[in-house]
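In what follows, a single structure is set out as structure tokens and then discussed.
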Amino acid sequence: MLTVHSVTFNAVMNTILTASNAVLSLITVPYVTRVLSVEGFGAVGFAQNVASWFSVFCLFGIPLYGVRECAKVRDDKRALAKVVKELLTLLTIFTSIFLVVFAACIVVVPQLRAQAPLMWIFLVNTLLTSYGAEWFFQAIEQYRYITIRSVVFKTITLIAILLFVKNPNDYIVYGALLALGLCGNNVLNIIRLNSMISFSGLGKLDLRQHIRPLLSFLTLNAASSVYLYLDSVILALVSPDLFQVGLYQVVTKLKAFLIGVVSAVINVLIPRLSYLIRYPSGRQYQALLAKSVHTVFNIALAICAYLFVFSDLILIFISSTKYVSATVSLQVVGVTILCSSMSVLIGYAVLTPMNRERELAISNMVGIPVSLLLNFALDRPFGALGAATAIACTELAVLGVQTYFARDVLRPVVSIKELVKIIAAVVLASVGSWGSRLLFGRIGSIPMLLAGSTVFFVIWALVLLVSRESTAMVMFDKVTRRFHFPERSK
């Protein structure tokens with residue numbers, strides 16, 4: 001029998017995992033952006049995004065589909081083993097095909113051939129990513145194992161980067177450590193998976209049953225990848241050099257980190273919502289979904305506003321003044337973070353558990369023409385800002401379509417009153433922190449960032465508590481119970 005922890009425990013584990021990603025980013029990005037040239041940093045980002053694009057097809061939708069299908073049968077060892085073996089077999093077929101295509105592109109496409117050492121390194125990264133089987137451990141809610149393993153390998157990678165990346169010519173070394181160090185833990189996943197599951201005596205495999213739903217998930221992921229990875233690739237292809245790509249890479253690193261903060265909560269909800277949706281009444285599902293919608297909107301909107309006020313100071317703090325020209329791009333990306341966070345929640349916590357992959361795929365397909373049209377129109381004249389604007393408009397279009405499809409589920413759980421409280425808190429926090437910038441603007445960029453951030457988050461939290469916003473009150477009650485604050489005598 002598998003040990004199933006509470007959603008709170010899983011959220012804590014996933015938060016620790018996200019924090020480890022944050023530590024890695026907060027140390028490596030400031031370090032490598034100062035050591036490497038903007039062009040060298042952009043070259044690594046270019047190779048990373050090309051590999052991510054091919055990885056989508058190698059995985060063929062299995063990560064999301066695998067979480068759902070394994071979660072459904074996690075209490076039946078034989079059924080679980082059969083599903084896992086079938087998905088691993090399909091994974092081997094798809095990965096073999098698309099890695100051959102990736103290798104051919106490295107040889108044939110001039111822009112990829114110019115960065116051949118990095119491209120071959122990230123091809124190996126794609127192979128390791130395919131066999132990580134992270135979907136299995138998420139489905140059975142083994143977040144303790146996922147977190148500990150990931151933190152150990154991230155620590156090793158971080159130390160190696162600090163030791164071996166020393167000058168602008170070390171960008172290939174940085175790419176190798178980033179590509180291979182972070183995926184080395186996937187070898188442990190396969191070893192552990194084989195120790196937990198017996199693949200013998202399962203009978204004939206039925207691969208055909210998975211193809212149709214996997215095609216829906218592949219369509220979904222392929223559509224998403226067009227505007228998640230292809231924007232950087234297009235920017236590299238149309239720009240005269242990799243300087244704008246380097247600027248955009250810093251922005252996308254920050255975007256990925258901040259979206260990861262929100263995704264730490266969303267990721268642990270997907271298996272639990274897939275499990276709860278089986279019950280006819282759906283009351284537990286609706287209660288958990290309502291809490292999730294308000295929490296994600298609250299956090300994502302606060303991040304969006306925070307970036308609007310402090311983007312220039314953040315870039316100076318993270319990557320030095322040579323990246324400050326990406327300020328407006330980072331402000332625009334704040335809108336992307338808000339839209340993307342809500343889109344992920346609706347897509348994977350509403351449509352996916354209800355087996356409505358077709359609607360999810362359609363909504364993401366809307367993003368393809370929007371992304372391609374805007375990237376090709378804006379990237380050459382506006383560089384990083386053009387790419388940031390394209391992704392923001394794309395995410396907004398996708399979110400609009402997803403919200404329309406999920407309106408029957410969202411209408412009963414979304415509270416307009418709670419949303420108004422959240423918006424008021426964020427607006428007041430923005431005004432207060434902007435005022436602090438005007439008042440104390442001469443104290444230096446780093447002290448101003450620290451002081452302004454304190455003002456922002458204090459006002460945000462206080463307004464939420466004073467207005468008794470539901471998610472803030474739940475968190476406040478948990479904290480007070482945790483520390484056993486006594487009631488005052490009357």
Over 12 foreign heavy atoms within 6.0 Å of CZ, F317: no

Short side-chain donor-acceptor distance under 3.5 Å, S232 and Q249: yes

Derivation of the side-chain contact (heavy atoms from CB on, under 4.5 Å) call for L307 and Q331: CA-CA 6 Å; L307 289 179; Q331 289 175 326; 5.8 Å; no

Derivation and outcome, side-chain contact (heavy atoms from CB on, under 4.5 Å), residues V401 and E359: CA-CA 9 Å; V401 177; E359 294 177 354; over 6 Å; no

Close side-chain approach of N189 to Y145, heavy-atom, < 4.5 Å: yes

Working for side chain to side chain donor-acceptor pair (under 3.5 Å), residues Y65 and N221: CA-CA 11 Å; Y65 177 74; N221 289 340; over 6 Å; no

Test: R149 cationic atom under 6.0 Å from F153 six-membered ring centre, within 45° of axis: no

Atom CZ of R407 with >12 non-hydrogen neighbours under 6.0 angstrom: yes

Minimum-distance pair of heavy atoms, taken over all atoms of W135 and V67: O-CG2, 3.6 Å

Heavy-atom pair of closest approach, residues S433 and F456: OG-CD1, 3.5 Å

Contact check, side chains of L315 and T327, non-hydrogen atoms, under 4.5 Å: yes

Closest non-hydrogen atom pair, L193 against A133: CD1-CB, 3.8 Å

Qualifying salt bridge (Lys or Arg N to Asp or Glu O under 4.0 Å) pairs, either residue in residues 335-344, two or more places apart: none

V83 side chain near V73 side chain, heavy-atom distance below 4.5 Å: yes

Donor-acceptor side-chain pairing of S150 and K154 below 3.5 angstrom: yes

Contact summary for Q402 and G347, nearest pair of heavy atoms: OE1-N, 3.8 Å

CZ (F308) with more than 12 external heavy atoms under 6.0 Å: no

Residues, nucleotides or ligands: over 12 heavy atoms within 6.0 Å of F382 CZ: no

Smallest separation among heavy atoms of I318 and T33, with atom names: O-OG1, 3.9 Å

Residue from L378, T336, L374 passing side chain to side chain contact (heavy atoms under 4.5 Å, CB included) with T389: L378

F457 vs Y306, ring pair (Phe, Tyr, Trp, His ring centres under 6.0 Å): CA-CA, chis, key distance, verdict: CA-CA 9 Å; F457 290 110; Y306 178 78; 5.3 Å; yes

For the student: nearest non-hydrogen atoms of K421 and R468, plus distance: NZ-O, 3.5 Å

M448 atom CE: more than 12 heavy-atom contacts under 6.0 Å: yes

